[in-house]
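I have placed the structure first, in the form of structure tokens, so that the comments after it can refer back to it.
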Amino acid sequence: MTATLEPPATTSHPAPGRRRIRRNPLVSATIYSALGALTVIWAAPLVWAVLTSLKHEGETTTVPPQVIPDSGFTAQAYVEVLSVGDLTRWFVNSTIVAVAVTLLTLALSAAAAYGFSRTHFRGRRTLFAITVAGVMVPSQILIVPLYEQMLAVGLADTYLGVILPQIVVPAMVFILKKFFDAIPHELEEAARIDGAGPLRIFLTIVLPLSRPILAAVAIFVFIQCWNNFLWPFIILSDPSLMTLPVGLVQVQSSFGVRYAQVMAGAVLAGLPLVVAFLFFQRQIVQGIATTGLGGR
């Protein structure tokens, strides 16, 4: 008889530095149930808006409300909104304004944040405190002086008149500054030894390392600009320059209170934002997560 040697039994251990967390099934079920309930609460208005936009006008105000109408769904509300208003032109105007505001805000905020983060000069803390204090100033307070300035320089009823007042966003300067503070100074010192100047360091080292937060800031600014109604409504009177929110209000006023058309316009206006979030949700989550990094 020959003895067979069996390999010694091995026990699996978690990797060093990584602790395995055992979660109570009841706790997990509670967390997922709460998240599911919050998801339903968040999605209910969106689903209701889509369903209302697909109903006949007479069935939008029935009591009790019907989720699925007796006569079925129809796309007539979308046809009327697209036929009455110059939706394509308004969509192009919103895209031009939102993209321009996003790019200019990124450039201005990143440059200001890098200056506050890396440049030491007299009064830097005071100037940064004043910049951050701008977050507490409601934008509605600035509408009258901004409107008078646009009239004085002849920018009323122009793309520049809509774009320029929206590119100064103190909150984005603060977010980017906190992120730049967390970037190691050794990288910049190594680049200076190689002969790189401040502008080259900013463009080739700092900005590439800041892609997640820049993407998040871009999405936030784009969404805010796309949804902005008050300033374009005040500064623009030419229908060919109106943005989508302003144009849809004109269509709704011509319809009167017709809820199917109102919901159809709202769905069409919000659809690009939903698509943008689906494509860039990873960058948004990364940007939000990295915003909390500690700085100096």
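Note: hydrogens, waters and symmetry copies are ignored here, and every other heavy atom, side chains too, is used. Throughout, numbering of the chain's residues begins at 1 and tracks the sequence.
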Original post:
Where is the tightest heavy-atom contact between Pro208 and Arg211, given as atom of each residue plus distance?
Top reply: O-NE, 3.2 Å
For residues 217-227, dump all side-chain donor-acceptor pairs below 3.5 Å to protein atoms at least two apart in sequence or in another chain.
from	atom 1	to	atom 2	distance (Å)
Trp226	NE1	Ala269	O	2.9
Asn227	ND2	Ile223	O	3.3

**OP:** Go through the structure and list residues passing side chain to side chain contact (heavy atoms under 4.5 Å, CB included) with Val135, not counting sequence neighbours.
**Re:** Pro170, Ala171
Subject >> Test side-chain hydrogen bond (donor to acceptor under 3.5 Å, both in side chains) applied to Ser53 - qualifying residues, sequence neighbours left out >> reply: Tyr78
Original post:
Within a strict 4.5 Å, meaning less than it, do heavy atoms of the Leu214 and Leu176 side chains meet?
Top reply: yes
**OP:** Determine whether Thr243 and Trp90 make a side-chain contact, defined as any pair of heavy atoms from C-beta on separated by less than 4.5 Å.
**Re:** no
**OP:** Please list, chain by chain and in numerical order, all residues satisfying side-chain hydrogen bond (donor to acceptor under 3.5 Å, both in side chains) with Thr131, sequence neighbours excluded.
**Re:** none
Original post:
Among all residues two or more places apart in sequence or in another chain, which pass the side-chain hydrogen bond (donor to acceptor under 3.5 Å, both in side chains) test with Ser237?
Top reply: Asp157
Original post:
Does CZ in Arg200 sit with more than 12 non-hydrogen atoms of other residues, nucleotides or ligands closer than 6.0 Å?
Top reply: no
Original post:
Of all residues at least two apart in sequence or in a different chain, which pass the side chain to side chain contact (heavy atoms under 4.5 Å, CB included) check with Ile205?
Top reply: Leu187, Ala191, Ile201, Leu209
Original post:
Should Ile183 and Arg118 be marked as a side-chain contact (heavy atoms from CB on, under 4.5 Å) after you check the CA-CA gap, both sets of side-chain angles, and the distance that decides it?
Top reply: CA-CA 10 Å; Ile183 297 178; Arg118 291 297 192 265; 3.7 Å; yes
Original post:
Which residues pass the side chain to side chain contact (heavy atoms under 4.5 Å, CB included) test with Ser117, sequence neighbours left out?
Top reply: Lys177, Phe180, Asp181
Subject >> Residues in ring pair (Phe, Tyr, Trp, His ring centres under 6.0 Å) contact with Phe174, at least two apart in sequence or another chain >> reply: none
**OP:** Using the test side-chain hydrogen bond (donor to acceptor under 3.5 Å, both in side chains), find all partners of Thr119 that sit at least two apart in sequence or belong to another chain.
**Re:** none
Original post:
According to the ring pair (Phe, Tyr, Trp, His ring centres under 6.0 Å) rule, which pairs have a member within residues 127-170, sequence neighbours left out?
Top reply: Phe116-Phe128
Subject >> Thr158 side chain to Gly161 backbone, donor-acceptor under 3.5 Å >> reply: yes
N/O donor-acceptor pairs under 3.5 Å from side chains in residues 39-46, not counting sequence neighbours:
from	atom 1	to	atom 2	distance (Å)
Thr39	OG1	Leu35	O	2.8

Original post:
Is the CD1 atom of Ile68 crowded by more than 12 outside heavy atoms at less than 6.0 Å?
Top reply: no
Original post:
Among Val162, Leu244, Asn228, which residue meets the side chain to side chain contact (heavy atoms under 4.5 Å, CB included) test with Val97?
Top reply: Val162
Original post:
Of all residues at least two apart in sequence or in a different chain, which pass the side chain to side chain contact (heavy atoms under 4.5 Å, CB included) check with Thr74?
Top reply: His56, Gln76
